[in-house]
Amino acid sequence: MNTNILVIGSGGREHALAWKLAKSAKVDHVYVAPGNSGTALEHKVSNIELTDITQLIQFAREKQILFTLVGPEAPLAEGIVDQFRNSGLKIWGPTKFCAQLESSKVFAKEFMLEHNIPTAKYSVFDNEPQALDYLGLQTLPIVIKADGLAAGKGVLVAQTIIEATDFIKDIFGQNKFGNAGSRVVIEEFLDGIEASFIVMIDENGNILPMASSQDHKRLLDDDKGPNTGGMGAYSPAPIVTDQIHQKVIDHVIRPVIDGMRNKGHAYSGFLYAGLMIDKNNQIKTLEFNCRFGDPETQPIMSRLENDLFDLIENGINGQLDKINAKWVDEFAIGVVLAAEGYPDAPRKNDIILGLDMIKNMPDIHVFHAGAKLDNKQVYTASGRVLCVIGMDKDLQIAQKKVYAAIKLITFKGMQYRTDIANTAKIYI
Ligand code: AMP
Ligand code: GLY
């Protein structure tokens, strides 16, 4: 019987996961729903135009899919894992209950408080007058978060009372985020350096940490401009020392596993803790994501030596204790090429040139994201278009390689940060 795998999603993360799964000698075919131009062009991979969970279940049955891997948060919040499992299908990801750690900031903050997981002090509001009264008593900067999923746009780090007030008014008065904004969290600003801490957790409570990484959330160099889904990421992140790693496992990850179990729900799937690390190496949890990061997946998968199929299969079978993840001992730096107007109103349908020129460049790899294929030509299709990876043992050389490759790619209005991985230089 053929071994067929299904990957859900259409971003750079899903291209990287599908690419890595397709490399496995144990995998015959990877279907990606709905996928992008990158997955369309990949050997042993094809796209299917489905997003509806019932139809995906039917497809998984028809193609005798061995297991399904979920990329983005929306289907997890919708309960795709529960529905696949109820249909007797194997799937990797947390249940709807556990996915609340990402789908509700209020749930996540209450969970952290209840289980002593270090995080910023906060208050929750469900109406504008009380939120504004509270705001008036706070010091700046201050952080305001819409409760629900908002594609990375639901958080404002406000430097002035005016922007904070406007954001709260937009959320409650203008209904900016719909239901996702029916409550807001207002929390203290934390200073420090961010890191993405991603692990696999199986239902027996085994933890398999992924390589450390760091994202760059702001649109512009030097962390200026609005928050985005992530403009670039690199791995490893030297700020995550062995000591910090252990602290996060003990004080953040393990309490999630135990806390969920106490609530009658075993967590299984990827878990991503967004961390703030201060100058005294104290850690606080900014957020949880119940999935792999995007763009963190792209550099992390570029470094993974194991067969990803083995990792996911052991994860689904509750046997992550039987596997050790091995990582290429090099820096992988991923730079996102975004469309003009991203994150607010990205331009679409522009032709992308130069991909052929970098195809065979050593230590360079391109993952597609918001890009589509039309008559063998690749076009932009949404905000984050491509993620270019450069690898080298030496961080600065990896940086030089990735930016040299990017120079060969063009599309109208292309924008990218020129300082991805600069933060790592402080540590080496
Ligand atoms: P979140 O979705 O909660 O991770 O927030 C998105 C981004 O906003 C984070 O990656 C941080 O850059 C920033 N952020 C969130 N919460 C805080 C905080 N309490 N202090 C400082 N920055 C924050
Ligand atoms: N890169 C941040 C995220 O995946 O949410």
Side-chain angles (χ1 to χ4, degrees), residues 9 11-14 16-17 70-74 76-77 99 101-109 112 118-123 138-159 164 167 177 180 184-198 210 212-220 222-235 237 252 270-278 282-301 334-336 338 343 367 369 383-384 387 417 420 423:
R13 165 185 49 214
E14 288 76 23
L17 293 170
V70 189
E73 59 277 19
L76 294 169
L101 275 180
E102 176 168 8
S103 64
S104 167
K105 302 247 185 233
V106 176
F107 179 95
K109 296 297 287 190
M112 286 192 261
T119 190
K121 291 196 190 76
Y122 73 103
S123 294
Q138 304 309 304
T139 51
L140 293 166
I142 185 96
V143 183
I144 300 162
K145 302 183 173 186
D147 177 41
L149 294 179
K153 294 177 193 161
V155 175
L156 177 75
V157 179
Q159 304 294 342
F167 195 62
F177 301 113
V184 297
V185 171
I186 302 183
E187 71 178 32
E188 67 173 327
F189 172 79
L190 300 173
D191 211 0
I193 293 183
E194 285 185 56
S196 309
F197 197 93
I198 303 167
M210 300 290 97
S212 62
S213 61
Q214 190 180 57
D215 189 12
H216 296 64
K217 286 264 164 63
R218 301 297 191 97
L219 181 69
L220 306 172
D222 299 324
D223 287 334
K224 303 254 164 53
N227 263 330
T228 69
M231 291 298 290
Y234 64 92
S235 171
V252 181
F270 293 111
L271 178 66
Y272 166 143
L275 304 174
M276 189 67 91
I277 303 167
D278 74 11
Q282 295 302 311
I283 50 154
K284 295 238 165 86
T285 309
L286 292 173
E287 63 163 344
F288 286 114
N289 295 319
C290 293
R291 50 169 175 83
F292 225 122
D294 189 341
E296 290 92 330
T297 309
Q298 293 87 313
I300 292 177
M301 282 299 120
V335 179
V336 169
F367 292 109
R384 292 189 292 171
C387 178
R417 280 180 62 158
I420 302 300
T423 36

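In listed order, ligands and their atoms are each counted from 1. Along the sequence shown, residues carry numbers from 1.
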Task: Residue and atom name of the nearest protein heavy atom (relative to atom 20 (N) of ligand 1), distance in Å to one decimal - done: L190 N, 2.8 Å
Task: Heavy-atom donor-acceptor pair, R218 side chain to N227 backbone, under 3.5 Å - done: no
- [ ] Could you check which of M276, E194, R218, K145 puts a non-hydrogen atom nearest to atom 16 (N) of ligand 1?
- [x] K145
Task: Pairing residues for A120 by the side chain to side chain contact (heavy atoms under 4.5 Å, CB included) criterion, not counting sequence neighbours - done: K109, E187, E188, L190
Open item on the list: Tell me which residues fall inside the under-4.0 Å heavy-atom shell around ligand 2.
Closed with: D215, K217, G229, Y272, N289, R291, G293, D294, P295, E296
Task: Candidate list L275, L286, D215, test side-chain contact (heavy atoms from CB on, under 4.5 Å), partner E194, passing option - done: L286
Open item on the list: Between H216 (side chain only) and G232 (backbone N and O only), is there a donor and an acceptor less than 3.5 Å apart?
Closed with: yes
- [ ] Identify the protein heavy atom lying closest to atom 5 (O) of ligand 1, giving its residue, its atom name and the separation to 0.1 Å.
- [x] V155 CG2, 3.5 Å
Open item on the list: Parallel, tilted or perpendicular, judged at 30° and 60°: which one describes the rings of F167 and F177?
Closed with: perpendicular
Task: Any N/O pair V143/ligand 1 closer than 3.5 Å - done: no
Open item on the list: Is there a side-chain contact between I198 and E296 in this structure, where contact means two heavy atoms from C-beta onward sitting under 4.5 Å apart?
Closed with: yes
- [ ] Identify the protein heavy atom lying closest to atom 14 (N) of ligand 1, giving its residue, its atom name and the separation to 0.1 Å.
- [x] V157 CG2, 4.1 Å
TODO: Note the single closest protein heavy atom to atom 23 (C) of ligand 1, along with its residue, its atom name and the distance in Å.
DONE: L286 CD2, 3.9 Å
Open item on the list: Tell me every residue that passes side chain to side chain contact (heavy atoms under 4.5 Å, CB included) with D191, counting only those two or more places apart in sequence or in another chain.
Closed with: F189
Task: With sequence neighbours excluded, residues passing side chain to side chain contact (heavy atoms under 4.5 Å, CB included) with D294 - done: R13, Q298, R384
Task: Closest protein heavy atom to atom 4 (O) of ligand 1, given as residue, atom name and distance to 0.1 Å - done: E287 CD, 2.8 Å
